[in-house]
Asks: 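What follows is a single structure, and I will ask about it in a moment.
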Amino acid sequence: MDEEKKIVLVVACALIDADGRVLISQRPEGKSLAGLWEFPGGKLEAGETLEEALVRELKEELDIETKVACLAPLTFASHAYESFHLLMPLYVCRRFWGIPRGVEGQAIKWVRPKDLRDYPMPAADEPLIPFLIDLL
Ligand code: C5P
């Protein structure tokens, strides 16, 4: 039942390049929702703030450096998955150092916001697209 679902907090980022494109990352085989394209991010570790967790995840997943001050909150997703309820704040980051690469072997892509719908995404991520279209 809905009220028994655990709330899972995952922090995500719309990384934006100088051309106004957004980076999406394909969930690798073996993970849940494999093959779907998502905004990069992940769960918090003990003692981390949302922003610290995102800076760490962007380094781990994409090998880029950024700073807490370079992350601006945009909106959030609140989605009832079958077995848990996902709460996912979405930050925007336009300032980062390094060239993103899929450290975990995942495919990545820079996509214009209006084209994001061409990429199958987890249900929680899809409602975030209009916010990016409005922003960019
Ligand atoms: O990435 P991870 O598997 O740790 O994320 C936990 C869950 O959060 C995923 O199984 C997925 O259901 C959801 N998620 C999502 N959109 C993202 C990241 C995670 O829906 N961008």
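In each ligand, atom 1 is the first atom listed, and ligand 1 is the first ligand listed.
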Asks: Charged N to carboxylate O below 4.0 Å: is that the case for Arg56 and Glu52?
Replies: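 A salt bridge is absent here (no side-chain N lies under 4.0 Å from a carboxylate O).
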
Asks: Report every pair formed by an N or O atom of ligand 1 and a protein N or O atom separated by less than 3.5 Å, giving atom names and the distance to 0.1 Å.
Replies:
residue  : atom   : partner : partner atom : Å
ligand 1 : 1 (O)  : Arg27   : NH1          : 3.1
ligand 1 : 3 (O)  : Arg27   : NH2          : 2.8
ligand 1 : 4 (O)  : Lys43   : NZ           : 3.2
ligand 1 : 10 (O) : Ser32   : OG           : 2.7
ligand 1 : 16 (N) : Asp125  : OD1          : 2.6
ligand 1 : 20 (O) : Tyr81   : OH           : 2.6
ligand 1 : 21 (N) : Glu38   : OE1          : 3.4
ligand 1 : 21 (N) : Phe39   : O            : 3.3
ligand 1 : 21 (N) : Asp125  : OD1          : 3.4
ligand 1 : 21 (N) : Asp125  : OD2          : 2.9

Asks: Can you name the side chain to side chain donor-acceptor pair (under 3.5 Å) partners of Arg27, sequence neighbours left out?
Replies: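 Counting only residues at least two positions away or on another chain, Arg27 forms a side chain to side chain donor-acceptor pair (under 3.5 Å) with Ser32, Glu38.
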
Asks: Has Arg95 got a side-chain atom pairing as donor or acceptor with Ala69's backbone, closer than 3.5 angstrom?
Replies: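 Flag not set: sc Arg95 to bb Ala69 has no pair under 3.5 Å.
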
Asks: In terms of ring plane angle, is the pair Tyr81 and Phe84 parallel, tilted or perpendicular, where the classes change at 30° and 60°?
Replies: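 Ring orientation of Tyr81 relative to Phe84: tilted.
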
Asks: Under 4.5 Å between side-chain heavy atoms, chaining through other members, with only Ile, Leu, Val, Met, Phe, Trp and Tyr counted: pull out the rest of the cluster around Trp110, sorted by chain and number.
Replies: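 Result for Trp110 is Ile7, Leu9, Val11, Leu15, Leu23, Leu44, Leu50, Leu54, Val55, Leu58, Leu62, Ile64, Val68, Leu71, Phe76, Leu87, Tyr91, Phe96, Ile108.
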
Asks: Taking only residues two or more places apart in sequence, or in another chain, which ones meet Glu82 in a side-chain contact (heavy atoms from CB on, under 4.5 Å)?
Replies: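 Glu82: no side-chain contact (heavy atoms from CB on, under 4.5 Å) contacts found.
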
